[in-house]
**Q** 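The structure that follows is given in the form of structure tokens.
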Amino acid sequence: MSVSDERKALAPRTSLYDHALRLHRQAPGDPLPDGGRPLPDQSAQPGGSGSVTERRAGLQDALTCLDGGDTDRTAQELHTRVLGLDLSAREVSRSLEAVPLPDGEWCRSLGRHLVRHAVDRRAVWVGLALLARHGRPQDAELIRTVGLLACCTEPAADALVAVDCATGDLSWLAERSHPRRRRKLVEALCTRGDPASRRWLLAEPLDRRTTPASQARSIAESTRLSEVLDQHPLDTATLAQAARLLAIMTDPNDYRSGIGQYTDAMPAYAALVRRIGELPPSFDHYALLLSLLLDLHSGRSALLDWEPGERERIAAGIRSVLSHPEWTAQVTAAEPSADIAERRRAAWIRRTTGATYSFAPAERRAFNRLAVQVTVPDPAGPGQVETRLLVDGTPVIAQAFDSGQAQTPEYLLGRGLLRASEQPTDVQLAEAWCTEGCCGALYVTISREGDTVVWRNWRRPNASRSAAGLPLPGELRFDAAEYDEEIGRAESDHTWEWPARTVARLLGERLRAEPGLLGRWRCAPGWIGTHYAEPEQVELSFTYPSPPAEDTGNAWVQFVWTLPDGGTPPAERAEAALRRLAEVNPTTYATLAGGSREAAQALGFTWPERSRA
């Protein structure tokens with residue numbers, strides 16, 4: 001060993017607490033850059049090995065050193081024992097619950113020692129779990145400081161709640177945490193119900209992509225949002241936050257929309273529209289109000305128990321504001337912006353505002369009337385493009401299924417699945433985000449009977465408890481000529497598409513028409529679409545080999561190819577991608593993304609290593 005290597009080996013390592021404190025002092029009011037990464041223990045993290053059972057058994061064995069002995073000796077031994085274990089903070093907390101522990105004072109002392117001095121995150125997690133069980137309110141500053149690290153935010157939130165810290169401790173850490181990691185902190189603030197927590201919840205900026213719908217509902221309930229909107233005076237920031245909370249509750253980013261569970265949804269809508277003239281025109285405000293208008297028309301907001309004419313009145317109030325020249329100017333002003341996200345939203349606003357949405361009540365007639373609406377959500381939100389089906393003005397999919405969105409237009413319209421023939425066809429109208437096998441799907445049988453198209457036999461296989469409690473539609477009967485005209489119109493209408501989505505559609509059409517393009521490489525196409533976080537990014541997935549071979553144990557793997565964006569028109573971009581698929585084996589340039597490590601090895605591929613940050 002060289003002298004420099006020896007000095008490096010003998011040098012004391014920085015504790016995670018000291019690392020967090022140093023970074024915090026450099027920018028006291030901000031989250032740590034990249035969650036504090038790289039951490040002092042980064043090089044000691046395992047790459048992921050062993051089964052869950054093996055990892056938990058190793059942790060259980062490591063925790064046997066918590067025997068009430070000398071604190072320093074126990075801390076050192078714990079560090080040694082957990083060093084090679086591939087664990088998560090949740091696994092540490094759950095395993096500690098099953099370990100008999102000494103008296104509370106010793107556990108409290110060891111917990112404080114580990115949180116303050118541990119040089120490995122797993123030991124810090126043990127310390128936080130010990131403080132969650134035996135800590136005191138005075139431990140809050142220690143806990144929240146190490147909680148600045150992304151790997152410690154969630155266990156720190158659990159510990160802060162358990163020690164009954166002050167509201168200020170929760171909001172302090174929430175303000176300095178990544179939105180995806182502060183959910184427990186916000187939940188805890190919602191339960192406080194004190195003036196300080198309500199002020200913070202109404203003032204803190206919310207990210208539509210990372211704030212769950214259920215959390216937005218909790219905030220609205222905790223702050224008594226509909227009452228707040230009737231207060232005079234009312235600052236415009238709070239008014240904007242109210243619109244944002246309602247918009248997030250219509251977003252399906254929590255496995256279901258939250259607007260239907262919000263008991264004060266209708267009073268909040270009404271109160272917002274009464275004050276909507278006070279909302280200053282802005283690009284973001286325009287997008288929020290447009291999202292609410294879409295949901296009032298064809299989303300779950302349309303299913304609230306409205307008084308006759310009330311939904312139409314609220315929608316008219318929103319449309320009146322959006323049509324004002326000062327508001328439309330916001331969209332025009334965004335055009336020359338260099339910010340791609342803003343230009344993307346501006347294009348969405350133009351497409352969506354230009355569409356015609358009728359709120360007129362359905363007339364009484366002999367047949368049901370179908371309207372197909374392809375709905376593209378605000379790019380700043382988490383939703384996917386969906387094919388909403390309105391029967392006599394009612395969104396029937398949202399009415400019958402709440403564990404997922406309606407299927408995409410590429411699936412229902414691009415494949416002609418809504419067309420009616422004399423042969424009855426079972427059509428999946430919606431599927432749970434987690435897959436049909438987990439939380440179900442919504443199906444209907446479509447058939448043509450003379451001059452009538454009939455939808456019957458509605459069902460929800462494997463439906464979750466919440467979806468199973470929703471009423472299923474009865475038999476629906478449509479005039480065949482009207483039905484065919486509407487389906488034909490919807491199938492040929494691509495005005496909702498943006499360039500990357502057009503590329504994905506063209507690729508899908510060609511690969512279905514010419515299976516040999518991928519088949520020559522023993523590959524089978526999977527999903528093809530745009531990435532939810534990067535709408536201009538086209539991704540094509542495929543499996544290899546197809547079919548699996550017996551000599552490799554029927555192993556298979558999945559690849560994803562992210563298409564390069566050369567700035568060319570969609571048709572040219574699609575043709576270039578198809579030429580490459582035809583000429584070069586895609587397994588040589590796509591990214592291995594699914595299957596298993598064993599399957600990849602059997603097929604001669606290298607399984608990608610993924611960190612457990």
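Both backbone and side-chain heavy atoms feed into the values below; hydrogens, waters and symmetry mates do not. Given the structure is predicted, the values throughout are model-derived calculations rather than measurements.
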**Q** Starting from the C-alpha separation in whole Å, work towards a yes-or-no answer on side chain to side chain contact (heavy atoms under 4.5 Å, CB included) for Tyr262 and Leu304.
**A** CA-CA 10 Å; Tyr262 178 37; Leu304 299 174; over 6 Å; no
**Q** Any donor-acceptor pair under 3.5 Å linking the side-chain atoms of Glu175 with those of Trp200?
**A**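 Yes, because at least one side-chain N or O of Trp200 sits under 3.5 Å from a partner of the opposite role on Glu175.
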**Q** Backbone N or O of Gly147 within a donor-acceptor pair of the Thr153 side chain at under 3.5 Å?
**A**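 Yes.
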**Q** Are any of the side-chain heavy atoms of Arg22 and Thr14 separated by less than 4.5 Å?
**A** no
**Q** Let me see the working for Arg136 and Asp164 under salt bridge (charged side-chain N to carboxylate O under 4.0 Å, His left out), right down to the final yes or no.
**A** CA-CA 8 Å; Arg136 295 288 186 266; Asp164 194 24; over 6 Å; no
**Q** Within this structure, what is the CH2-CG distance for the pair Trp125 and Leu114, rounded to the nearest 0.5 Å?
**A** 13.5 Å
**Q** Under a 4.5 Å cut-off applied to non-hydrogen side-chain atoms, are Arg208 and Ser291 in contact?
**A** yes
**Q** Side-chain contact test, heavy atoms from C-beta onward, threshold under 4.5 Å: evaluate it for Leu130 versus Val115 and give yes or no.
**A** no
**Q** With respect to Glu204, which candidate in Arg199, Arg198, Arg182 satisfies the salt bridge (charged side-chain N to carboxylate O under 4.0 Å, His left out) definition?
**A**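 Of all the options given, the one that passes is Arg182.
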**Q** Side chains of Leu78 and Leu110: closer than 4.5 Å at any heavy-atom pair?
**A**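 No, too far: nothing below the 4.5 Å cut-off.
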**Q** Anything under 3.5 Å between a donor and an acceptor, one on a side chain of residues 220-227, the other on a protein residue two or more places apart or in another chain? List them.
**A**
from: Ser222; atom 1: OG; to: Cys190; atom 2: O; distance (Å): 3.0
from: Thr223; atom 1: OG1; to: Ile219; atom 2: O; distance (Å): 2.7
from: Thr223; atom 1: OG1; to: Ala220; atom 2: O; distance (Å): 3.4

**Q** List the atom of Pro212, the atom of Ile248, and the distance in Å for their closest heavy-atom pair.
**A**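 Taking Pro212 first and Ile248 second, the nearest heavy atoms are O-CG2, 3.9 Å.
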**Q** With rounding to the nearest 0.5 angstrom, report the CG to CG distance, Leu202 to Leu239.
**A** 11.5 Å
**Q** Between Leu540 and Phe559, is any pair of side-chain heavy atoms under 4.5 Å apart?
**A** no
**Q** Working to the nearest 0.5 Å, report the span between CG of Leu288 and CG of Asp378.
**A** 7.0 Å
**Q** Going through the checks in order, is the side chain to side chain contact (heavy atoms under 4.5 Å, CB included) test met by Ile259 and Leu246?
**A** CA-CA 7 Å; Ile259 198 72; Leu246 285 172; 3.9 Å; yes
**Q** Under a 4.5 Å cut-off applied to non-hydrogen side-chain atoms, are Cys439 and Trp433 in contact?
**A**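 SC-SC contact between Cys439 and Trp433 ruled out.
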**Q** Any salt bridge linking Asp251 with Arg209? Criterion: basic side-chain nitrogen under 4.0 Å from a carboxylate oxygen.
**A**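 Judged by the 4.0 Å cut-off on N to carboxylate O distance, Asp251 and Arg209 do not form a salt bridge.
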**Q** Would the distance check show the side chain of Ser109 and the main-chain N or O of Glu105 forming a donor-acceptor pair, the cut-off being under 3.5 Å?
**A**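 Not a single qualifying donor-acceptor pair exists.
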**Q** I'd like to check Tyr17 versus Cys152 (side-chain heavy atoms, cut-off strictly below 4.5 Å). Are they in contact?
**A**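 No, too far: nothing below the 4.5 Å cut-off.
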**Q** Counting heavy atoms not belonging to Arg73, are there more than 12 under 6.0 Å from its CZ?
**A** yes
**Q** Start with the C-alpha gap between Leu160 and Lys184, add the side-chain angles, then the distance that decides, and say whether side chain to side chain contact (heavy atoms under 4.5 Å, CB included) holds.
**A** CA-CA 10 Å; Leu160 287 173; Lys184 291 183 177 181; over 6 Å; no
**Q** With rounding to the nearest 0.5 angstrom, report the CG to OG1 distance, Leu603 to Thr587.
**A** 10.0 Å
**Q** Keeping Arg192 on the side-chain end and Ser197 on the backbone end, is there a donor-acceptor pair under 3.5 Å?
**A** no
**Q** Please report the closest heavy-atom contact between Val161 and Ala188, naming both atoms and the distance.
**A** CG2-CB, 3.5 Å
**Q** How close do Trp527 and Ser541 get, heavy atom to heavy atom, and via which atoms?
**A** N-OG, 2.8 Å
**Q** Out of curiosity, Glu77 CD to Leu66 CG, how far, rounded to the nearest 0.5 Å?
**A** 9.0 Å
**Q** If you apply the rule side chain to side chain contact (heavy atoms under 4.5 Å, CB included), what do you find for Leu229 with Leu272, and how did you get there?
**A** CA-CA 7 Å; Leu229 286 170; Leu272 176 67; 4.3 Å; yes
**Q** Taking the side chain as every heavy atom from C-beta outward, state whether His178 and Pro31 have any pair of such atoms under 4.5 Å apart.
**A**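 Answer no - side chains too far apart.
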**Q** With distance as the sole test, does Arg176 use its side chain to make a donor-acceptor pair with the main-chain N or O of Pro28 at under 3.5 Å?
**A**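 Yes: the side chain of Arg176 pairs with the backbone of Pro28.
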**Q** Which value, rounded to the nearest 0.5 Å, describes the distance between Leu170 atom CG and Glu187 atom CD?
**A** 11.5 Å
**Q** Taking all non-hydrogen atoms of both residues, which atom of Ala20 and which atom of Leu148 are closest, and how far apart?
**A**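 Nearest heavy atoms, Ala20 then Leu148: O-CD1, 4.4 Å.
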**Q** Can you name the nearest heavy-atom pair linking His19 to Leu39, along with the distance?
**A**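 His19 and Leu39 have their closest heavy atoms at CD2-CD2, 3.9 Å.
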**Q** How about Arg90: does its CZ atom have over 12 heavy atoms from other parts shown lying under 6.0 Å from it?
**A** no
**Q** Of all the heavy-atom pairs spanning Ala216 and Met249, show the shortest one and how long it is.
**A** CB-CG, 3.9 Å
**Q** May I ask you to decide if Ala75's main-chain N or O and His79's side chain share a donor-acceptor pair within less than 3.5 Å?
**A**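 Answer holds: yes.
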**Q** Apply the side chain to side chain donor-acceptor pair (under 3.5 Å) test between Asp139 and each candidate in His134, Arg108, Arg144, Arg112; give the one that qualifies.
**A** Arg112
**Q** Please answer whether the main-chain N or O of Thr543 pairs with a side-chain N or O of Trp556 as donor and acceptor at a distance below 3.5 Å.
**A** no
**Q** Would Arg180 and Asp207 count as a salt bridge (charged side-chain N to carboxylate O under 4.0 Å, His left out) if you check the C-alpha gap in whole Å, the side-chain angles of each, and the deciding distance to 0.1 Å?
**A** CA-CA 9 Å; Arg180 293 190 184 278; Asp207 185 337; over 6 Å; no
**Q** Backbone N or O of Phe283 within a donor-acceptor pair of the Arg345 side chain at under 3.5 Å?
**A**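 Between the backbone of Phe283 and the side chain of Arg345 there is no qualifying donor-acceptor contact (under 3.5 Å).
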**Q** Taking atom types as modelled, is there a side-chain donor on Thr211 or Arg244 under 3.5 Å from an acceptor on the other?
**A**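 Thr211 vs Arg244: no donor-acceptor pair found between side chains.
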**Q** Okay, side chain of Glu431, backbone of Glu436: is any donor-acceptor separation there less than 3.5 Å?
**A** yes
**Q** Any donor-acceptor pair under 3.5 Å linking the side chain of Thr80 with the backbone of Gln76?
**A** yes
**Q** Going by the angle between their ring planes, with limits at 30° and 60°, are His24 and Trp172 parallel, tilted or perpendicular?
**A** perpendicular
**Q** Tell me if a side-chain donor or acceptor on Gln405 pairs with a main-chain N or O of Gln384 at a distance below 3.5 Å.
**A**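 Checked: pair present.
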